[in-house]
Undergrad: 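Let me give you the structure first, and then I'll get to my questions.
What's counted below: heavy atoms across the whole structure, side chains too, no hydrogens, waters or symmetry copies. Note that the structure is predicted; figures quoted are calculated from it, not measured.
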Amino acid sequence: MDFSATAFLSDAHATDRLGAELAVQIMPGDAILLSGQIGAGKSHLARAIIQSMARAAGLPTVEVPSPTYTLVQTYEFASVPVWHADLYRLADSSEIEELGISDALGTDIVLIEWPDRLDNIPENALQIAFMNEADGRRIHLSSHADRWNSLSYFVESLDA
């Protein structure tokens, strides 16, 4: 059974709460694919996930810049590499190989903004689509991996 859920993020705090919940559930080998228009909240959510993982590892506040220009930022928490990639500026999907992202998929934790640039979407990736709506954002989460079903209750609480 596939996972699918929709919620409204009314403000930055709601996005931070989602990031903290994802940080608890994410495991090595996971890919989270973040799509939506510029300014929709993709980088904010990635930052919230990474900062929550750092706090859980007992690390001081970690600065998490958007990888818009560097394309990839990497972090390491409890010996698990975390990749944060922004593929918006890629001219060609062959550049993904040069960045090393393909090697990280399936073993490390990989957060990818603009995943439409990928030739192959990882089968069990958690996909989160952001859509601007009123004063916030509507998100749609989906995956072919059943393990994300545990997010359903939390995502429903975001709408409450």
Undergrad: Tell me which one of Leu22, Val82, Leu18 satisfies side chain to side chain contact (heavy atoms under 4.5 Å, CB included) with Ile49.
TA: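 Among the candidates, only Leu22 passes.
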Undergrad: Which pairs count as side-chain hydrogen bond (donor to acceptor under 3.5 Å, both in side chains) when at least one residue sits in residues 12-31, sequence neighbours excluded?
TA: Asp16-His44, Glu21-Gln25, Gln25-Ser150, Asp30-Arg147
Undergrad: Extract all donor-acceptor atom pairs below 3.5 Å that involve side chains of residues 119-126 and protein atoms in other chains or at least two apart in sequence.
TA:
residue : atom : partner : partner atom : Å
Asp119  : OD1  : Ser93   : OG           : 3.0
Asp119  : OD2  : Ser93   : OG           : 2.9

Undergrad: So Val80 and Pro28, do their side chains get closer than 4.5 Å, heavy atoms only?
TA: yes
Undergrad: Regarding Ser35 and Gln127, do their side chains bring together a donor and an acceptor under 3.5 Å, going by distance alone?
TA: no
Undergrad: Per the side chain to side chain contact (heavy atoms under 4.5 Å, CB included) rule, which among Leu87, Leu33, Val110 passes with Pro115?
TA: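 Among the candidates, only Leu33 passes.
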Undergrad: If we only count heavy atoms from C-beta on, is the Trp114 to Arg89 side-chain gap below 4.5 Å?
TA: no
Undergrad: Which heavy-atom pair separates Asn149 from Phe3 by the least distance, and what is that distance?
TA: OD1-CB, 3.2 Å
Undergrad: I'd like to check Thr6 versus Leu141 (side-chain heavy atoms, cut-off strictly below 4.5 Å). Are they in contact?
TA: no
Undergrad: Between Ala46 and His84, which heavy-atom pair has the shortest distance, and what is it?
TA: CB-NE2, 3.3 Å
Undergrad: Do Val72 and Trp83 have side chains that approach each other closer than 4.5 Å (heavy atoms only, starting at C-beta)?
TA: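 Yes, at least one pair of side-chain atoms sits under 4.5 Å.
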Undergrad: With the side chain counted from C-beta on, respond yes when Asp103 and Asp108 share a heavy-atom pair under 4.5 Å apart, and no when they do not.
TA: no
Undergrad: Just by distance, do the side chain of Arg138 and the backbone of Phe130 share a donor-acceptor pair under 3.5 Å?
TA: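 Not a single qualifying donor-acceptor pair exists.
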Undergrad: So how far is it from Leu151 CG to Ser4 OG, rounded to the nearest 0.5 Å?
TA: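 Spacing of CG (Leu151) from OG (Ser4) equals 12.0 Å.
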Undergrad: Short question: side chain of Lys42, backbone of Gly36 - any donor-acceptor pair under 3.5 Å?
TA: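 Confirmed, Lys42 side chain pairs with Gly36 backbone.
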Undergrad: Can you hop from Ile38 to Ile112 via hydrophobic side chains spaced under 4.5 Å?
TA: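 Shared cluster, yes.
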Undergrad: Below 4.5 Å, heavy atoms only, C-beta onward: do Ile32 and Leu45 meet side chain to side chain?
TA: no
Undergrad: Looking at side-chain heavy atoms only, is the closest gap between Glu156 and Phe154 below 4.5 Å?
TA: no
Undergrad: Test of understanding: clusters of I, L, V, M, F, W, Y form through side-chain heavy atoms closer than 4.5 Å, transitively. Do Leu59 and Ile26 belong to the same one?
TA: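 Yes, Leu59 and Ile26 fall within the same hydrophobic cluster.
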Undergrad: Do you reckon Met131 sits in the same ILVMFWY cluster as Ile128, going by side-chain contacts under 4.5 Å, direct or chained?
TA: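 No, because Met131 and Ile128 fall into different hydrophobic clusters, even though each may have its own neighbours under 4.5 Å.
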Undergrad: Quick one: salt bridge (Lys or Arg N to Asp or Glu O under 4.0 Å) partners of Arg55, sequence neighbours excluded?
TA: none
Undergrad: Could you state the interatomic distance from CD1 (Ile109) to CG (Leu111), rounded to the nearest 0.5 Å?
TA: 7.5 Å
Undergrad: Just verifying a value: how many Å separate Asp86 CG and Ser43 OG, rounded to the nearest 0.5 Å?
TA: 6.0 Å
Undergrad: Between CG of Asp2 and OG of Ser142, what distance do you get to the nearest 0.5 Å?
TA: 8.5 Å
Undergrad: Mind listing the closest non-hydrogen atom pair of Ala23 and Met53 along with its distance?
TA: CB-CG, 3.6 Å
Undergrad: Heavy atoms only: give me the nearest Leu105-Ala31 pair and the separation to one decimal.
TA: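 Looking at all heavy atoms of both residues, the shortest contact is CD2-CB, 3.9 Å.
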Undergrad: Measure the shortest side-chain to side-chain distance between Phe8 and Glu133 over non-hydrogen atoms and say whether it is less than 4.5 angstrom.
TA: yes
